[in-house]
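A short worksheet on the structure shown next.
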Number of protein chains: 2
Amino acid sequence: MGRGHMARRNTNRRVGIADVAEKAGVSHATVSRVMNGNAAVDPGIAARVRAAAVELKYQPNPVGRSLALGKTDTIGIVVPDLANPTFQAILRGLSIAAAQDGYRVLIADSSEVTSEEAILAGEARRRCDGVVLCAPRMADAELEELAPTLHPLVLINRTTIATNTPSLSVDYGQGIQELAQHLVSLGHRRLVFLSGPEHSASNRQRLVGLDQFRAEHPEIELELLHGGSNFDSGHESTEAIIASGATGILAFNDLVAMGLLSGLHERGIRVPEDISVTGFDDIPFAKYTTPPLTTAAVPINELGSLAWRRMREQIQQAGEASIQAQDEFSPRVEIRKSTAAPALRPAS
Amino acid sequence: MGRGHMARRNTNRRVGIADVAEKAGVSHATVSRVMNGNAAVDPGIAARVRAAAVELKYQPNPVGRSLALGKTDTIGIVVPDLANPTFQAILRGLSIAAAQDGYRVLIADSSEVTSEEAILAGEARRRCDGVVLCAPRMADAELEELAPTLHPLVLINRTTIATNTPSLSVDYGQGIQELAQHLVSLGHRRLVFLSGPEHSASNRQRLVGLDQFRAEHPEIELELLHGGSNFDSGHESTEAIIASGATGILAFNDLVAMGLLSGLHERGIRVPEDISVTGFDDIPFAKYTTPPLTTAAVPINELGSLAWRRMREQIQQAGEASIQAQDEFSPRVEIRKSTAAPALRPAS
DNA sequence: GAATCATGAGAAAGCGTTTTCTCAGAGCGT
DNA sequence: ACGCTCTGAGAAAACGCTTTCTCATGATTC
């Protein structure tokens, strides 16, 4: 009995707009108006409403708002691995920048499972006003197909052919060339590139950069060793690196370099006296390794905040489809102590 | 003209339940039923609906669902600083564990601004089904008052008096005692504790642990130096540490220890030959520093997943208020290479 | 003083779902 | 055959808010 079949629910219910309206003796429309300052409302009434609101500790339900407004004030980010400092930094920069504009970020960790990325991104998009996607291993075709469905979208380290999705990328090809150049100018003649995951887009970029390097430096011996993208894979490559006889090692990234550093240390190989090692990314820890790591610094903190700026641009100009910026960062070689001239030219 | 004043919107509209219903020739109620498998529905009709759904690529709008269901399948986490590996690890563990149960996580970084934490937590709570709160510096009174309003809540490294909010904490007091004990048993007699942020709850715990240690070891000289919680503060303390004349340093955490390590290295002080240094937390990088860091390992990956488990318990037993578990982890001392017997007993 | 206008508040539709309520029709027993 | 129960589908309410529409009231103007 009672008026509605759900009347009972109203006990222990969270305070809603209706409660405020009742207390202030106005309609909920008016409450909404004063809360959002949308239309002109009599100052006296407005004051009464506001008083009622604070007294009841009224806080608008964001889900209701979202449904009515068609926006969630939330953006999603999908990353392949939250354990990677690079993605941690992007997430952090994004979160802080977005927060400044009143947006929150929802995170989706694909745990390196490439096949899940598209699904996660889609789900995130439905819950959020936009998505920033880090999917280094997703196939180009899949990305191309997925991108338009995600629309407010910004890509990290990937680009699409269609020019309407902004992307931020790092010129890994140039960075790795500069690192190689650095080693060569120190006197190294035998290098090895300890490569990253096979299907990683950024690894491919490094590879083409190194091809170019080879073309320009035919005198340099540059070997390629397969590895992964984390500590352990760097550590596991220690023996192979030693066996290679190279004096200069280009590790896929800082994590790999650090794993390698620790492996070499265990084996009693001195860095940089016996072998020079470079990383990539300049994660916060890179300058605290022993020896401090020579690496290619990518402006990791800016990436996140710029990602947000690009996202915001899209959200604001909703509709008016325009060509989006494709930002590319040039890494800057950060010479520290893990590289030096090779001690003696080894017999070749 | 047209039927409603918003009819125009229906162009370029996302496909909704109504579209599926129309295509399948049923009511939207029926579509909902087959999508959720809630009530029995004729297999033939169900098939028709499902076909229509896939053909239109229908994906239910989560905001609509959330409003109707009163849940968002999302939990929030508020952390003081996403740059800290400890919180990164908690976030990661939480995110992965929650994802396994179909939940997502929304992140709120308070950027160390204690006064924002309560607000952020409140906002997060309104958007989510629960909140996990890391607020090491929030005043006890404020926490006590805030906790009930956040209800499905799990606290990290904080506890409340009211026994109905689960909390996960690390026994920092015990851990620091064991580290001190370790140094003493190596032969150190002059120690300094390089403390963390003044109002940090976990710092206070370390302090009481050390008081107890002092009581048990009146013969040991234990000085206290004020510091912070990150790399830089550890680095900045280098001179003070050297000046202290101590041979065994208990750093607030691994970050501080690493900063100190690098500062000592720059000054030519050898670790562990001249000075022994310990950290706390055992962040992933701790075993790759040079020398590898002796530290107290907290099961950082478990923290996140256990936080989710406790959260899930609360979400499931919604209503039936029961006493919640207060989990406490005992850190395990991880002896590596940054600690050793002091070279010579310095003149005292 | 009557007609016009501006102001501002309430009624109601709409956002996209789920779920209750209700009722038509089929199947069954007697 | 009649009425009964049962199955299953549609109508409509509900979730909590925003916003359009509408209309009353008081102010303004000729």
Side-chain angles (χ1 to χ4, degrees), chain A residues 1-22 24-49 52-53 56 58-73 126-127 129, chain B residues 1-22 24-49 52-53 56 58-73 126-127 129:
Chain A
M1 38 219 78
R3 44 185 196 281
H5 57 287
M6 284 186 105
R8 67 194 177 290
R9 283 264 209 97
N10 282 9
T11 35
N12 85 351
R13 191 67 241 100
R14 208 177 197 77
V15 14
I17 204 172
D19 303 294
V20 180
E22 185 177 11
V26 299
S27 73
H28 46 278
T30 301
V31 176
S32 171
R33 279 191 277 256
V34 355
M35 297 302 288
N36 299 289
N38 274 337
V41 37
D42 182 276
I45 296 192
R48 226 165 63 218
V49 169
L56 295 173
Y58 168 67
Q59 309 276 160
N61 175 326
V63 179
R65 291 196 92 225
S66 290
L67 188 58
L69 257 26
K71 65 191 210 114
T72 59
D73 290 351
R126 245 166 286 129
R127 285 198 144 68
D129 299 344
Chain B
M1 44 217 67
R3 44 187 196 280
H5 56 287
M6 283 186 104
R8 67 195 177 288
R9 282 267 208 95
N10 283 8
T11 34
N12 87 351
R13 192 69 237 101
R14 209 177 194 76
V15 10
I17 203 173
D19 304 293
V20 180
E22 185 177 10
V26 299
S27 73
H28 47 276
T30 301
V31 176
S32 171
R33 279 190 276 256
V34 355
M35 297 301 290
N36 299 290
N38 273 338
V41 38
D42 182 278
I45 296 192
R48 225 165 64 218
V49 168
L56 295 173
Y58 168 68
Q59 310 275 157
N61 175 326
V63 180
R65 290 196 93 225
S66 290
L67 186 59
L69 258 25
K71 63 189 212 123
T72 59
D73 290 352
R126 247 166 283 128
R127 283 199 144 68
D129 299 345

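In what follows, chains are A, B, ... by sequence order, proteins preceding strands, each numbered from 1. Please read all numbers here as calculations on a predicted model, not as lab measurements.
- Looking at residues two or more places apart in sequence or on another chain, you find no side chain to side chain donor-acceptor pair (under 3.5 Å) involving A/Asp42.
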Summarise protein proximity over nucleotides 4-9 of chain C in one line of letters, 5' to 3': B for base, S for sugar-phosphate only, - for none, counting protein heavy atoms closer than 4.0 Å. ----SB
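- Note: CD1 (B/Ile17) to P (D/dA12) measures 17 Å, nearest angstrom.
- Per the geometry, CZ belonging to B/Arg126 stands 11 Å off P belonging to D/dC17, to the nearest Å.
- Summary of helix geometry: the two end axes of the helix from C/dG1-D/dC30 to C/dT30-D/dA1, each defined by five base pairs via their C1' atoms, are inclined to each other by 50° (rounded to 10°).
- Separating the NE2 atom of A/His28 from the P atom of D/dC15 is a distance of 12 Å, rounded to the nearest angstrom.
- In this structure, CZ of A/Arg48 is placed 14 Å from C1' of C/dG10, rounded to the nearest angstrom.
- Atoms CZ (A/Arg65) and C1' (D/dC17) sit 8 Å apart, rounded to a whole Å.
- A/Val49 approaches A/Val26 most closely through the heavy-atom pair CG2-CG2, 3.9 Å.
- Ranking C/dT17, C/dT19, C/dG16 by closeness to the A/Leu67 side chain, first place goes to C/dG16.
- Remark: A/Arg33 pairs with no residue by the side chain to side chain donor-acceptor pair (under 3.5 Å) rule, at least two apart or across chains.
- Between A/Tyr58 and D/dC17 there is a side-chain polar atom (N or O) within less than 4.0 angstrom of OP1 or OP2.
- Contact detail for A/Thr72 and A/Asp129: the closest heavy-atom pair is N-OD1, 2.8 Å.
- Defined by atom type and a distance below 3.5 Å, a donor-acceptor pair is missing between the side-chain atoms of A/Arg127 and B/Asn61.
- At whole-Å resolution of the value, CZ in A/Arg14 and C1' in D/dC17 are 15 Å apart.
- Distances were taken from every side-chain heavy atom of A/Ala68 (C-beta onward) to each of C/dT18, D/dG16, D/dA12; the shortest belongs to D/dG16.
- In this structure the side chain of A/Tyr58 never reaches within 4.5 angstrom of the side chain of A/Asp19, judged on heavy atoms.
- Across all their heavy atoms, B/Arg48 and B/Gly25 have their closest contact at NH2-O, 3.8 Å.
- Atom pair B/Met35:CE and C/dT17:C1' shows a separation of 12 Å (rounding to whole Å applied).
- Listed by chain and number, the residues in a side chain to side chain donor-acceptor pair (under 3.5 Å) with B/Arg126 amount to none (sequence neighbours excluded).
- At a threshold of 4.0 angstrom between heavy atoms, the contacts of A/Gly16 are confined to the sugar-phosphate backbone, with no base atom among them.
- Whole-Å rounding puts the A/Asn36 CG to D/dC17 P distance at 11 Å.
- Residues meeting the side chain to side chain donor-acceptor pair (under 3.5 Å) test with A/Ser66, sequence neighbours left out: none.
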